[in-house]
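Data first, discussion second: the structure below is written as structure tokens.
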Amino acid sequence: MRKLVLLLALVCAGTALALTGGAGTHVPTAQGFDPSKMTDEQEAIVSGTGAEELGLLDEHGTSQQPTQYFPRGSDSCPANLSSNIKVNQNCLNLSDPDLQGRGQAQNETSIAIDPGNTNHLLASYNDYRRGDGNCGASYSLDKGRTWNDTTIPTSFTRGRVENVADFGAAREYWGGGGDTSVAYDSKGNAYISCQVFNRGRPTSSSADTSSALLVYRSTKNAGASWNFPGRYVRASNDTAGEGVSPFLDKQLMTVDNNSTACPSSQTAVTPGSSCTPFQDRIYVSWTEFAVDGSAYIYEAYSADYGEHFSPPHLVSGNTPLCDNTYGAGTPFGNCNENQFSQPFVGPDGTLYIVWNNFNNRETEAGNDNRNQILLSKSVDGGNTFSTPIKVSDYYDLPDCATYQGGQDAGRACVPEKGTTAKSVFRATNYASGAVNPTNPAQVVVTFGSYINRHSNEANGCTPTGINPATGQDLYTGV
């Protein structure tokens, strides 16, 4: 140790002599340094002591800078158009004609920014590179300039989890997945919500039609890797394919990542407050399609960073706005036909959930086929919800079967010009909401509508009811 100290002293003395020099020696001007702007090469060669001094390591020697380990993009099929950057890093390839698009497509996208480090972005999508749909994601460490793909470990989950799921075996394997959403908490943890399911017969050789909602967490590496297996939000066991369990669909997620937490003694929202009582609480909402024909919206939350989730809470209950019920019964309220829910949180911790409701469509006068956007809120952290209110009416897209030669019956689509053209765009309209971060009283909801204030209804775009065979909207023209 004494020899090492002496050696370091001599090196330092030599360095000092070299810098001060003698007469006529050039002394360089010191340059400023910002550790947040270190290049990949600098981060790769900095010493462990230097990294600790710069805050790149914590007291346990663990990296606090994911950029030190992950490259900035490795796309071999670049497709950047001007300032538009391709997020998913796979290349397109051919599919057999009867499986057109499989093995290459992505759709139904979501994106989030880390509020604690705006260099970090996480995007997700339905990913078909495996053949069937799956939950895919990509992450960026440089404000979206370059991206890397990341793998979500969705192959199987635990088949038995007490009070949550029992699929009759140690593992439950999943054939498909999708309907993703992503979010960060205030601590820099990233989350992805994923719906998984099995198709059953005759598509599959197995009768299993089980489904589940999962959440995965990426701890301090910006989405490069994920915990395994995912944590259940909700599970529906139908391994025998008997159709007696609900099908869980279209889950979306948000996280209360407000930076200011209220005192722990506060258990409910204070209107107009600048703090949240539910910091880092994860909220997931979804639809449950039941055998009685109902489709209710539910919500569950996690207060321990996605390790466990609460029992489900009903969101879509009773309101006079729902004056026409569907199916065989209304066991949980007259708003029994809903879909496409999205949760979002205000700066005071209020949870909002907005969704599409279809319980008014057949009672409107004449051929009017409008639907409605409803919203409910919770001020106690997702345990109870207010009576739904109407945000607006809207008109969904036209019936595929009527206007596109019978293609994709039972779905709406973006119609192509001409009666013989076939649309490749299956589509629907649903809402997305946000709250002003500086004023919790200001709430905004956006949504698509086939007819809106800018439409020219006199030019062949007036409602003409619903196709009874498919349940989709008809118009005088498209």
Side-chain angles (χ1 to χ4, degrees), residues 110-116 120 122-124 135 137 152-154 157 161 163-165 177 179-196 212-223 226-235 248 250-262 264 267-269 275-287 297-313 315 341-355 376-385 432-435:
S110 176
I111 194 166
I113 303 174
D114 182 351
H120 296 170
L122 179 64
S124 66
C135 298
I152 315 299
T154 58
T157 50
V161 179
N163 299 323
V164 177
D179 285 354
T180 65
S181 56
V182 290
Y184 287 92
D185 65 21
S186 69
K187 310 298 189 298
N189 298 305
Y191 301 88
I192 183 168
S193 173
C194 177
Q195 169 198 356
V196 290
L213 309 179
L214 307 173
V215 165
Y216 296 84
R217 184 182 68 247
S218 176
T219 304
K220 291 187 177 181
N221 66 17
W226 302 89
N227 66 320
F228 176 76
R231 302 302 190 254
Y232 286 107
V233 178
R234 180 78 159 150
L248 312 176
K250 201 57 185 179
Q251 90 295 350
L252 289 178
M253 172 187 63
T254 192
V255 177
D256 185 345
N257 58 19
N258 289 295
S259 59
T260 304
C262 297
S264 58
T267 58
V269 171
C275 67
T276 174
F278 312 110
Q279 188 183 56
D280 294 330
R281 184 164 292 196
I282 304 166
Y283 300 102
V284 179
S285 65
W286 69 91
T287 307
I297 303 295
Y298 290 90
E299 169 271 346
Y301 66 82
S302 172
D304 59 2
Y305 301 96
E307 287 297 307
H308 307 87
F309 280 84
S310 71
H313 307 105
V315 178
S341 64
Q342 188 235 350
F344 56 101
V345 177
D348 59 356
T350 300
L351 169 66
Y352 298 88
I353 297 182
V354 63
W355 72 93
S376 185
K377 70 177 183 178
S378 173
V379 295
D380 60 2
N383 287 294
T384 60
F385 287 86
S432 179
V435 184

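- At distances below 3.5 Å, not a single donor-acceptor pair connects side-chain atoms of S186 with backbone N or O atoms of D280.
- In summary, the side chains of D185 and Y305 do not present any donor paired with an acceptor at a separation below 3.5 Å, with no hydrogens or angles considered.
- The CD1 atom of I353 sits 4.5 Å away from the OG atom of S285 when rounded to the nearest 0.5 Å.
- When side chains are defined from C-beta on, Q279 counts as touching K187, because their heavy atoms get closer than 4.5 Å.
- Listed here is the closest heavy atom pair of P277 and G349: CD-CA, 4.4 Å.
- Y184 is not listed as a side-chain neighbour of N189, based on a closest heavy-atom distance of 4.5 Å or more.
- A distance of 14.0 Å separates CH2 of W286 from CG of D179, quoted to the nearest 0.5 Å.
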Step-by-step side-chain contact (heavy atoms from CB on, under 4.5 Å) determination, Y232 to L214 = CA-CA 5 Å; Y232 286 107; L214 307 173; 3.6 Å; yes
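- Note that the OG atom of S181 and the CG atom of L252 stand 5.0 Å from one another [nearest 0.5 Å].
- Checked against Y352 for a ring-ring contact (aromatic ring centres under 6.0 Å, His included), the options F385, F344, Y283 give a single hit: F344.
- Salt bridge absent: R281 and D256 never bring a charged side-chain N and a carboxylate O closer than 4.0 Å.
- Summarising the geometry of N383 relative to S378, their closest heavy-atom pair is N-OG, 3.8 Å, with the distance given to 0.1 Å.
- The number of heavy atoms from other shown groups lying within 6.0 Å of CD1 (I113) does not exceed 12.
- Rounding to the nearest 0.5 Å places OG1 of T180 at 8.0 Å from CD of Q251.
- A 6.0 Å sphere centred on NE2 of H308 holds no more than 12 heavy atoms belonging to other residues, nucleotides or ligands.
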I would like to know whether T154 and Y216 meet side-chain contact (heavy atoms from CB on, under 4.5 Å); could you show each step before the answer?
-> CA-CA 9 Å; T154 58; Y216 296 84; 3.6 Å; yes
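- The OG atom of S310 lies 11.0 Å from the CD1 atom of I282; values are rounded to the nearest 0.5 Å.
- Using a 4.5 Å heavy-atom threshold, the side chains of L213 and F309 count as separate.
- Considering only heavy atoms from C-beta on, V284 comes within 4.5 Å of V215 through its side chain.
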Chi angles and distances behind the side-chain contact (heavy atoms from CB on, under 4.5 Å) call for E299, L351 | CA-CA 11 Å; E299 169 271 346; L351 169 66; 4.2 Å; yes
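- The two residues V315 and S376 make their nearest non-hydrogen contact at CG1-CB, 4.2 Å.
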Chi angles and distances behind the side-chain contact (heavy atoms from CB on, under 4.5 Å) call for R231, E307 | CA-CA 6 Å; R231 302 302 190 254; E307 287 297 307; 3.3 Å; yes
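- Here the straight-line distance linking atom OH of Y191 with atom OG1 of T254 works out to 12.0 Å at 0.5 Å rounding.
- Considering every non-hydrogen atom in both Q342 and S432, the closest pair reads OE1-CA, 3.1 Å.
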Working for side-chain hydrogen bond (donor to acceptor under 3.5 Å, both in side chains), residues N258 and T260 = CA-CA 6 Å; N258 289 295; T260 304; over 6 Å; no
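- G223 and L122 get closest at one heavy-atom pair: CA-CD1, 4.3 Å.
- Nearest approach of G230 to T157, heavy atoms of both residues: O-CG2, 4.4 Å.
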